[in-house]
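Chain letters run A, B, ... following the sequence lines, proteins first, then strands; residues in each count from 1.
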There are 2 protein chains.
Amino acid sequence: MKHVAALAGVGVKTVSRVINDEPNVTEATAERVWNAVRELDYQLDLQAGSLRRADGRTRTLGLLVGSVDNPFASAIHRAVEDIASARGVAVFASSMDDDAGRESEAVRAFLQRRVDGLILTTASDHPEYLPLLRERGLPVVYVDREPVEPEVDSVASDNRVGAAVATAHLLAHGHRRIALLTDRLDLITARERRQGYLDALAEAGVPVAEELIVTGLRDAEGAQAALARLLISDSPPTAVFSAQNLITIGAVHALRAAGLSRSTALVGFDDVALADLMDPGVTVVAQDPQRMGTLAAERLFALLGDDDDAPTKTVVPVALIPRGSGEIAPQPTS
Amino acid sequence: MKHVAALAGVGVKTVSRVINDEPNVTEATAERVWNAVRELDYQLDLQAGSLRRADGRTRTLGLLVGSVDNPFASAIHRAVEDIASARGVAVFASSMDDDAGRESEAVRAFLQRRVDGLILTTASDHPEYLPLLRERGLPVVYVDREPVEPEVDSVASDNRVGAAVATAHLLAHGHRRIALLTDRLDLITARERRQGYLDALAEAGVPVAEELIVTGLRDAEGAQAALARLLISDSPPTAVFSAQNLITIGAVHALRAAGLSRSTALVGFDDVALADLMDPGVTVVAQDPQRMGTLAAERLFALLGDDDDAPTKTVVPVALIPRGSGEIAPQPTS
DNA sequence: GTGAAAGCGCTAACAA
DNA sequence: TTGTTAGCGCTTTCAC
């Protein structure tokens with residue numbers, strides 16, 4: 001900047017004013033400065049500026065998700081990026097693999113880089129770093145999964161209702177033995193989806209069969225193995241509710257491998273790529289990750305503005321998409 | 001840091017030494033400093049440090065891809081993140097939608113944040129920002145797509161050979177009318193894949209049918225429409241080579257809609273989720289984005305080390321995965 | 001409308 | 001082993 005100032009024959013402050021589009025600079029001076037900038041290929045150092053700037057903003061934001069390569073997470077990521085980049089804010093993205101330890105590390109890495117705000121998916125009901133963020137007054141919006149703590153901003157799917165809708169759909173098609181395949185119950189989404197499943201069974205007066213409930217699934221392979229075991233048991237399910245995208249993929253594999261994909265019903269939570277092209281098509285309760293990302297980012301920027309509201313919990317509706325697999329009737333037991 | 005120093009009763013430089021694990025501090029002093037750090041919940045400001053540090057490093061890196069929510073790109077992203085975070089480096093990720101203008105903007109945004117290095121996918125043969133990066137001595141590794149410029153580090157798939165393998169596979173199954181569906185030809189990957197397709201046809205002595213070559217496709221919907229048109233033409237293809245993941249998805253949709261998925265052969269370039277569960281399974285030439293990301297990141301860190309080698313072009317092999325759709329024989333013309 | 005000086009939080013260089 | 005001082009590139013404050 002010193003060099004630019006020298007070349008343009010002005011003071012550094014004037015260069016700063018021109019580059020940051022501040023008032024009180026003559027057209028002619030500005031022109032000279034821009035010429036010098038181009039001449040030197042000068043790029044402003046935003047970091048240095050943030051050190052001294054009154055608001056201390058770095059024009060940077062931290063996004064934490066389960067994994068950036070999960071399609072659900074990357075849809076959120078893309079939406080967040082679009083909102084942020086339109087405002088000149090860059091996004092640090094990190095994956096935490098649903099591990100509370102990695103989550104804490106990632107948040108600390110964000111803090112050391114002085115992000116202006118955070119959009120977080122949490123693997124913990126009571127994140128250890130939350131008091132720290134509050135003390136610092138750092139804006140946070142949770143997305144997809146939120147802590148059990150009160151007073152947090154969040155954007156999440158209607159997990160409980162969605163799971164109930166999925167289960168009720170299977171019940172409506174005559175099923176009574178509906179398996180539930182879900183994540184680790186220390187994750188709030190898994191607990192809510194299980195609750196929705198139980199709600200629907202209760203509503204229909206169908207007793208819960210504990211042997212049909214498998215929790216703690218972490219990936220497609222685990223889900224596939226778990227369902228494969230259920231399918232060869234003495235009294236297999238006639239329908240399956242898989243409560244997460246990777247679990248749904250594992251479930252489809254298991255049904256295929258057992259030759260039961262046309263006879264055992266399946267409804268998944270969260271849409272899956274090409275689910276419509278499978279045979280039968282995979283019925284899902286679709287989330288809207290793109291919208292979740294957009295809402296979370298917009299809420300974060302509202303917080304970064306002057307918004308002093310009480311924390312907002314936004315629930316994004318889900319939609320049942322029947323495609324065939326969820327509409328299979330129970331087979332007569334042979 | 002001043003506060004920590006005061007609380008621990010030492011100078012700031014000692015605090016700096018302790019936190020950065022520099023030598024020449026007594027065990028006891030270090031202990032006092034750490035206690036003060038915990039007491040105050042102090043977090044080092046990495047940005048401020050980089051301003052003064054000899055190497056000027058920000059422990060930050062910029063990753064540019066087509067879109068962070070494309071599965072191919074997000075697999076690269078995840079791999080890069082893993083390598084980077086192991087080294088204490090955070091990743092800025094941006095999408096450019098194969099637009100050279102957005103690409104330049106993103107690179108400039110990275111520069112303003114003083115990233116230590118860049119991993120870029122380019123939409124341009126001669127990126128306008130490249131001289132700037134060279135002048136600055138900023139390490140860059142291109143991934144997936146590289147500029148035509150000489151002297152750049154890159155990690156890419158063996159596009160030409162992969163496309164030839166795909167086409168040859170269809171030829172080997174007796175096809176002579178093989179459609180090519182590909183991206184905009186201003187993208188180097190599209191040109192190389194087309195060349196591989198032409199190589200294979202030439203090798204087999206099969207004349208090129210220009211009417212079967214569709215270029216300039218940007219998404220699944222466009223690809224679907226384009227293939228739908230070809231399929232109802234007077235002399236439709238008996239086989240299709242779709243040269244990109246979204247295009248493959250569009251192609252599957254078109255074949256399904258036309259009721260031809262069991263009679264028209266299809267091989268895609270780049271693997272697609274659940275391709276193995278389609279009916280028939282989708283034969284693809286699979287890339288290895290995870291490996292590409294790992295290699296690109298490792299190369300970048302080598303460059304950031306003392307590595308003064310000439311630029312390296314790494315070619316990552318691809319693998320044909322037969323799943324059914326590519327092994328369909330040409331149907332007798334009715 | 002413009003510029004000089006101070007200082008953001010840190011690390012380099014050097015002195016103690 | 002430790003502390004002091006200067007200065008990284010910028011923006012703030014305030015004087016002109």
**Study point:** d(CG, A/N24; P, C/dG3) in whole Å
**Key:** 13 Å

Point to revise | side chain to side chain donor-acceptor pair (under 3.5 Å) partners for A/R57, two or more places apart | key: none

Exercise for review: Verify the contact: side-chain N or O of A/T14 to OP1 or OP2 of C/dG3, cut-off strictly under 4.0 Å; return yes or no.
Suggested key: yes

Exercise for review: Can you check each nucleotide of nucleotides 7-16 of chain D against protein heavy atoms at under 4.0 Å and return B for base, S for sugar-phosphate only, - for none, in 5' to 3' order?
Suggested key: BBBBBB----

Study note, to complete from the structure: The salt bridge (Lys or Arg N to Asp or Glu O under 4.0 Å) partners of B/D21 (sequence neighbours excluded) come to none

Check your understanding: Can we say B/D116 and B/R87 salt-bridge, meaning some charged N sits less than 4.0 Å from an Asp/Glu carboxylate O?
Key -> no

Practice item. Go through the structure and list residues passing side chain to side chain donor-acceptor pair (under 3.5 Å) with B/S154, not counting sequence neighbours. Key: B/E146

Check your understanding: In chain order, what residues pass the side chain to side chain donor-acceptor pair (under 3.5 Å) check against B/S157, with sequence neighbours excluded?
Key -> B/Q287

Review point. Got a donor-acceptor contact below 3.5 angstrom from the A/R17 side chain to the A/E22 backbone?
Key: no

Review point. Is the side chain of A/N70 donor-acceptor paired with the backbone N or O of A/F72 at a distance under 3.5 Å, no angle test?
Key: yes

Review point. Any side-chain donor paired with an acceptor under 3.5 Å for A/S67 and B/R78?
Key: yes

Check your understanding: So how far off straight is the helix from C/dG1-D/dC16 to C/dA16-D/dT1, going by the axes through five pairs at either end, to 10°?
Key -> 30°

